[in-house]
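Only this structure's heavy atoms are used, side chains among them; waters, hydrogens and symmetry mates stay out. One is the number of the first residue; the rest follow in order along the sequence.
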Amino acid sequence: MTRLHTHAALAAGGLLIASALSSCTLLPSSSHGGPETPRTLGARMEKHANVLQKDIGVRNARKPKSMEAAAKYIAGTFSDMGYAVTLQPVAGGDAKKGTAIYNVLVYKPGLYSNNQSIVVGANYDSGEQLNNGSGTALLLETARDLKDIPTNHNIYFVAYANGAGPAGRSSSSGAYVHAKALSGSIGAANILGMINLEPQELAAGGKKQQEPPTPQEAVLFMTTPRGKEFAGQCAAPFTKSWEQAPPTFHREPSAIAGNDRHYAALNIPTVSCLCKYPVTDSHTEDYVRALTDMIHQVADNDTPQPEKTAAPEPKKS
């Protein structure tokens, strides 16, 4: 990988996040898109999934070179969108041997100079059963759609390392590293919610995957009881693209197995989004648009009230 240099501070919108990312490094810009980036959303989604699933293949701590290639591709794609990219070290690699493992993240500042933030994440690695990379594709394309759309609150887009088992069940999980660092910096109460983008299903054996019986069964949300209100806020925008809001299933924090569990453990509202359509299905474009609307609206919720100007004192007669 291109030589990295220490990232001291990322300043944007008046907010310094050096304390949250003090161990991160800034990845120099590299070209992984530009003129070669497909023009249509569906083609871009398919490209991301093909690069991660087919070109790079199995990605985990036992294959650090594959993790490096995946991180470089994701970082380059973010960079081509105009984002400043940071790499957050995660356990499992060996920096001395040039095989360090990283979370790949970008920060979109909100309009207000406070710490209130939304986290949107997906893991880019794979366990024994290959992750097709569609969760990362969703992350990249929602970040692209929101790049130049103002939001009241900050958004962190994070591609997690070590999210798949067995590493994902330990403190070496990239989501654990990010949740701990960010909450320690801005305070868990300032993380308004975490949105976990689950991979879409693979079409088995090249055969056309059977579609869900109804659109209502195509998208599902899973959340903790603490995240019930947050999940409701997330579900509302889906009524524009789907016949009704996705059904929401509540789980106890101890039953959560995804990236969101590390945020839920800090009492942060979370929701995991699952789509039953494969990445190449035409419905996927509607799904990405709905996700974009969802993230936009959630990042605009709870707008801080402007400070009231004190009424002038009455003149003395």
Side-chain angles (χ1 to χ4, degrees), residues 30-60 63 65-81 83 85 102-106 120-147 157-165 168 174 195-212 218-220 258-259 272-292 295:
S30 56
S31 179
H32 292 271
E36 298 179 359
T37 301
R39 292 184 178 274
T40 66
L41 171 59
R44 291 195 300 270
M45 289 283 294
E46 188 171 4
K47 176 189 175 183
H48 300 321
N50 282 339
V51 169
L52 294 171
Q53 177 192 353
K54 297 178 181 179
D55 296 349
I56 296 175
V58 178
R59 310 170 298 282
N60 55 47
K63 294 182 176 292
K65 291 297 184 182
S66 293
M67 290 292 286
E68 178 187 62
K72 191 172 183 179
Y73 174 78
I74 296 164
T77 304
F78 274 136
S79 180
D80 286 336
M81 297 176 196
Y83 284 107
V85 182
Y102 300 96
N103 287 334
V104 184
L105 59 108
V106 298
V120 184
N123 64 283
Y124 70 87
D125 62 322
S126 61
E128 298 301 325
Q129 185 175 359
L130 187 61
N131 176 339
N132 66 352
S134 59
T136 300
L138 291 169
L139 180 75
L140 291 170
E141 291 308 312
T142 53
R144 184 192 305 277
D145 283 351
L146 287 161
K147 173 64 176 65
F157 292 100
V158 191
Y160 300 114
N162 296 353
I195 299 169
N196 184 39
L197 303 178
E198 297 280 2
Q200 293 174 244
E201 295 184 4
L202 284 168
K207 298 179 181 179
K208 184 176 181 180
Q209 189 164 324
Q210 184 177 359
E211 292 190 354
V219 179
L220 308 175
N259 297 311
S272 275
C273 309
L274 296 89
C275 179
K276 293 187 177 181
Y277 290 117
V279 69
T280 54
D281 193 286
S282 60
H283 291 84
T284 292
E285 293 202 18
D286 290 336
Y287 182 49
V288 178
R289 300 303 182 204
L291 286 176
T292 301
I295 297 166

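Between the side chain of Arg44 and the main chain of Arg39, a donor-acceptor pair closer than 3.5 Å is present. With Gln53 contributing its side chain and Gly133 its backbone, the two residues share no donor-acceptor pair below 3.5 Å. Judged purely by atom type and a 3.5 angstrom limit, Ser79 has no side-chain atom pairing as donor or acceptor with the backbone of Val85. Side-chain N or O atoms of Asn60 include none that pairs as donor or acceptor with a backbone N or O of Asp125 at under 3.5 Å.
Within the model, atoms OH of Tyr73 and OH of Tyr124 stand 14.5 Å from one another, a figure rounded to the nearest 0.5 Å. Interatomic distance, CG of Asn259 versus CG of Asn162, reported as 10.5 Å (0.5 Å rounding). The structure places NZ of Lys147 at 10.0 Å from CE of Met81, a figure rounded to the nearest 0.5 Å. Atoms NZ and CD1, from Lys72 and Ile56 in turn, are 11.0 Å apart once rounded to the nearest 0.5 Å. A distance of 8.0 Å separates CG in Leu291 from SG in Cys275, rounded to the nearest 0.5 Å. Separating the CD1 atom in Ile74 from the OG1 atom in Thr136 is a distance of 4.5 Å, to the nearest 0.5 Å.
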Let's go through Val288 and Leu41 carefully: what are the C-alpha distance in whole Å and the side-chain angles of both, what is the deciding distance for side-chain contact (heavy atoms from CB on, under 4.5 Å) to 0.1 Å, and is it a yes or a no?
CA-CA 9 Å; Val288 178; Leu41 171 59; 3.8 Å; yes

side-chain contact (heavy atoms from CB on, under 4.5 Å) for Val219 and Cys273? Distances and angles first, verdict last.
CA-CA 7 Å; Val219 179; Cys273 309; 5.6 Å; no

Working note: Leu52 + Arg59, criterion side-chain contact (heavy atoms from CB on, under 4.5 Å); need CA distance, chi angles, decisive distance, verdict.
CA-CA 8 Å; Leu52 294 171; Arg59 310 170 298 282; 3.9 Å; yes

Quick one, Thr142 with Phe157, criterion side-chain contact (heavy atoms from CB on, under 4.5 Å). Give me CA distance, side-chain angles, the key distance, then yes/no.
CA-CA 9 Å; Thr142 53; Phe157 292 100; 4.0 Å; yes

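Within the 4.5 Å cutoff, side-chain heavy atoms of Leu146 are placed close to those of Ile295. Under the 4.5 Å side-chain criterion, counting only non-hydrogen atoms from C-beta, His48 is not in contact with Val279. Tyr287 is not listed as a side-chain neighbour of Thr292, based on a closest heavy-atom distance of 4.5 Å or more. At a threshold of 4.5 Å between non-hydrogen side-chain atoms, the residues Leu139 and Val120 count as touching.
Asn196 and Ala122 get closest at one heavy-atom pair: OD1-CA, 4.4 Å. Closest heavy-atom contact between Ser134 and Gln200: OG-N, 2.6 Å. Between Asn132 and Pro199 the shortest heavy-atom distance is OD1-CB, 3.8 Å. Pairing each heavy atom of Ser126 with each of Gly57, the nearest pair is OG-O, 4.3 Å. Closest heavy-atom contact between Ala143 and Phe78: CB-CE2, 3.7 Å. Heavy atoms only, all atoms of each residue included: Ala161 and Met67 are closest at CB-CE, 3.7 Å.
If you run side chain to side chain contact (heavy atoms under 4.5 Å, CB included) between Met45 and each of Leu138, Thr280, Leu140, Asp281, only Leu138 comes through.
The aromatic rings of His283 and Tyr277 sit parallel, their planes meeting at an angle under 30°, below the 60° perpendicular limit.
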